[in-house]
*Asks:* 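Sharing a structure below in structure tokens format, with a few things to ask.
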Amino acid sequence: MSIIQSLLLGIVQGITEFLPVSSSGHLAILQNIFHIETNGSMLFDIMLHIGTLIAVFIVYYKDIWRMILETFRMIGTVFANIRIFFLNRIHKTAFHYKKIINNNYRKFVILILVSTVPTGIIGILGKDLVEMASGTLLIPGICLWITGVLLMIADLTPDSRKMPRQVTYREGLLIGIAQGLATLPGLSRSGTTIAVCLMLGLERKFAVKYSFILSIPAVLGAAVLEIGDVIAEPMAMSEFGIYAAGMAAAAVVGYVCIKTMLVAVKNKKFSYFSYYCFAAGALAVAGRFFMG
């Protein structure tokens, strides 16, 4: 793979990871059409996703930092409650337990954890299916059509005001299932999760934040699962430099696209992306039959 191809795939990753048009679908289509061989492709795929994670951290660093702090504070509250439990039992006191989830950020942390569980299960069980689906143009094409339908539904969904405190854990599970299913190439992760968030009544700006921050444990978890295979793959230092160029491109372009998504969701402009998904899906399906 040349550095130009790496930059191209990095730009595509940055655009399609955050704009609701499916990064995996476009990467699969590009690699099928142009016969791009990434050799140590697993590492390259991980590095592209890390590039987009960098963009998420830059845009939402205040929220992420607060969530990290609240996680440690929740752990502290748990230990404080354990201490109160033993004090009450041993000394027959009646100290009140401290509330663990007492603000939106703490609830958001728990919701992210709840959503990550079904994503991880589906990702592990469906790994072989996803790899098989990436080797053809047909499945990405069909999934792009499904993405287009979801985006149109999202635009038609009435505005709501749900914030973390009002979101139930059952709804968190549903969002996680949606993200897990979106590992199929062509089914946009951001488009699917944001659409489901909106259909469940989440406030529009929060739906985008939920979707993008939810991608962090999913991507990091996938990277950890693949690390053994990545280490086993032989790779020259020159290839690593080429991969790093693609990662940097994904990060820069991803930052711009997150900002674009916030505007698109707020102004209900998903329909433009849905038209694109329908067209790209049609081209992919046609390519499957004409290119063989």
Side-chain angles (χ1 to χ4, degrees), residues 17-18 20 22-24 42 45-46 49-50 52-53 56-57 60 63-79 81-82 99-131 133 143 146-147 150 154 162-203 206-229:
E17 176 68 22
F18 299 115
S22 178
S23 60
S24 58
M42 199 172 293
D45 185 60
I46 289 173
H49 280 88
I50 289 174
T52 53
L53 280 190
V56 174
F57 274 101
Y60 291 111
D63 293 294
I64 293 169
W65 177 244
R66 178 69 186 276
M67 290 172 72
I68 292 171
L69 288 177
E70 293 298 341
T71 298
F72 283 107
R73 288 170 180 164
M74 278 193 289
I75 294 171
T77 304
V78 169
F79 280 107
N81 284 338
I82 293 173
K99 190 172 183 180
I100 297 174
I101 303 173
N102 58 11
N103 61 49
N104 272 322
Y105 278 102
R106 291 191 180 191
K107 179 67 177 292
F108 193 16
V109 169
I110 301 302
L111 285 170
I112 292 295
L113 292 175
V114 169
S115 295
T116 298
V117 172
T119 294
I121 293 172
I122 294 172
I124 292 171
L125 295 179
K127 179 183 175 183
D128 293 339
L129 175 62
V130 171
E131 289 180 358
C143 286
I146 296 172
T147 296
L150 288 173
K162 272 188 182 179
M163 296 301 284
R165 282 182 182 272
Q166 291 80 45
V167 180
T168 68
Y169 296 121
R170 183 186 70 84
E171 291 169 336
L173 281 172
L174 291 174
I175 296 168
I177 291 171
Q179 179 172 252
L181 295 174
T183 54
L184 283 171
L187 197 56
S188 167
R189 193 206 64 80
S190 64
T192 301
T193 52
I194 292 173
V196 170
C197 283
L198 294 176
M199 285 185 273
L200 291 173
L202 275 66
E203 188 268 338
F206 175 53
V208 177
K209 184 188 298 185
Y210 198 127
S211 172
F212 292 157
I213 291 181
L214 181 59
S215 70
I216 296 174
V219 173
L220 292 178
V224 169
L225 289 175
E226 304 292 357
I227 196 68
D229 294 330

*Asks:* One pair to check against side-chain contact (heavy atoms from CB on, under 4.5 Å): Met199 and Leu150. What are the steps and the verdict?
*Replies:* CA-CA 10 Å; Met199 285 185 273; Leu150 288 173; 4.3 Å; yes

*Asks:* Answer whether the closest heavy-atom distance between the side chains of Tyr105 and Met74 falls below 4.5 Å.
*Replies:* no

*Asks:* Is the backbone of Val208 close enough, under 3.5 Å, to the side chain of Ser211 for a donor and an acceptor to pair up by distance?
*Replies:*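 Not confirmed, Ser211 side chain does not pair with Val208 backbone.
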
*Asks:* Testing Leu174, Ile177, Ile175, Leu181 for side chain to side chain contact (heavy atoms under 4.5 Å, CB included) with Pro118, which one passes?
*Replies:*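 Result: among Leu174, Ile177, Ile175, Leu181, Ile177 is the only option passing the side chain to side chain contact (heavy atoms under 4.5 Å, CB included) with Pro118.
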
*Asks:* Rounded to the nearest 0.5 Å, what separates atom CZ in Phe18 from atom CZ in Arg189?
*Replies:* 7.5 Å

*Asks:* With sequence neighbours left out, what residues match Glu171 under salt bridge (Lys or Arg N to Asp or Glu O under 4.0 Å)?
*Replies:*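 Listed in chain order: Lys162.
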
*Asks:* Going from CD1 on Ile64 to NZ on Lys209, what distance comes out if it is rounded to the nearest 0.5 angstrom?
*Replies:*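 Nearest 0.5 Å value for the CD1-NZ distance: 10.0 Å.
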
*Asks:* Please list, chain by chain and in numerical order, all residues satisfying salt bridge (Lys or Arg N to Asp or Glu O under 4.0 Å) with Arg165, sequence neighbours excluded.
*Replies:* none

*Asks:* Check whether any side-chain N or O of Thr183 sits under 3.5 Å from a backbone N or O of Gly180 as a donor-acceptor pair, and report yes or no.
*Replies:*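 Answer holds: yes.
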
*Asks:* Quick one: does any side-chain atom of Ser188 pair with a main-chain N or O of Thr147 as donor and acceptor, under 3.5 Å?
*Replies:* no

*Asks:* Is a side-chain donor-acceptor pair under 3.5 Å present for Thr119 with Gln179?
*Replies:* yes

*Asks:* Do the ring planes of Phe108 and Phe206 sit parallel (below 30°), tilted (30 to 60°) or perpendicular (above 60°)?
*Replies:*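 If you compare the ring of Phe108 with that of Phe206, the planes turn out perpendicular.
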
*Asks:* Parallel under 30°, tilted from 30 to 60°, perpendicular over 60°: which one fits the rings of Tyr60 and Phe212?
*Replies:*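 Correct class here is tilted.
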
*Asks:* Just verifying a value: how many Å separate Thr193 OG1 and Leu198 CG, rounded to the nearest 0.5 Å?
*Replies:* 9.5 Å

*Asks:* List the atom of Ala207, the atom of Ile194, and the distance in Å for their closest heavy-atom pair.
*Replies:*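 Of all heavy-atom pairs spanning Ala207 and Ile194, the closest is O-CG1, 4.0 Å.
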
*Asks:* Identify the heavy atoms of Asn102 and Lys99 that sit nearest to each other, and give their distance.
*Replies:* ND2-O, 3.7 Å

*Asks:* Please tell me if the side chains of Met67 and Arg106 come closer than 4.5 Å, counting only heavy atoms from C-beta onward.
*Replies:*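 Side chain of Met67 against side chain of Arg106, heavy atoms only: no contact under 4.5 Å found.
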
*Asks:* Rounded to the nearest 0.5 Å, how far apart are CG of Leu220 and NE2 of His49?
*Replies:*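 The CG atom of Leu220 sits 11.5 Å away from the NE2 atom of His49.
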
*Asks:* To the nearest 0.5 Å, tell me how far Leu53 CG sits from Ile213 CD1.
*Replies:*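 Reported to 0.5 Å precision, the distance equals 11.5 Å.
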
*Asks:* Look only at the side chain of Ser115 and the backbone of Ile112, and say whether a donor-acceptor pair between them is shorter than 3.5 Å.
*Replies:*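 No; judged by distance alone, with no hydrogens or angles, the pair does not exist.
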
*Asks:* Which residues pass the side chain to side chain donor-acceptor pair (under 3.5 Å) test with Asn81, sequence neighbours left out?
*Replies:*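 Asn81: no side chain to side chain donor-acceptor pair (under 3.5 Å) contacts found.
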
*Asks:* What distance do Gln166 atom CD and Leu200 atom CG have between them, rounded to the nearest 0.5 Å?
*Replies:* 13.5 Å

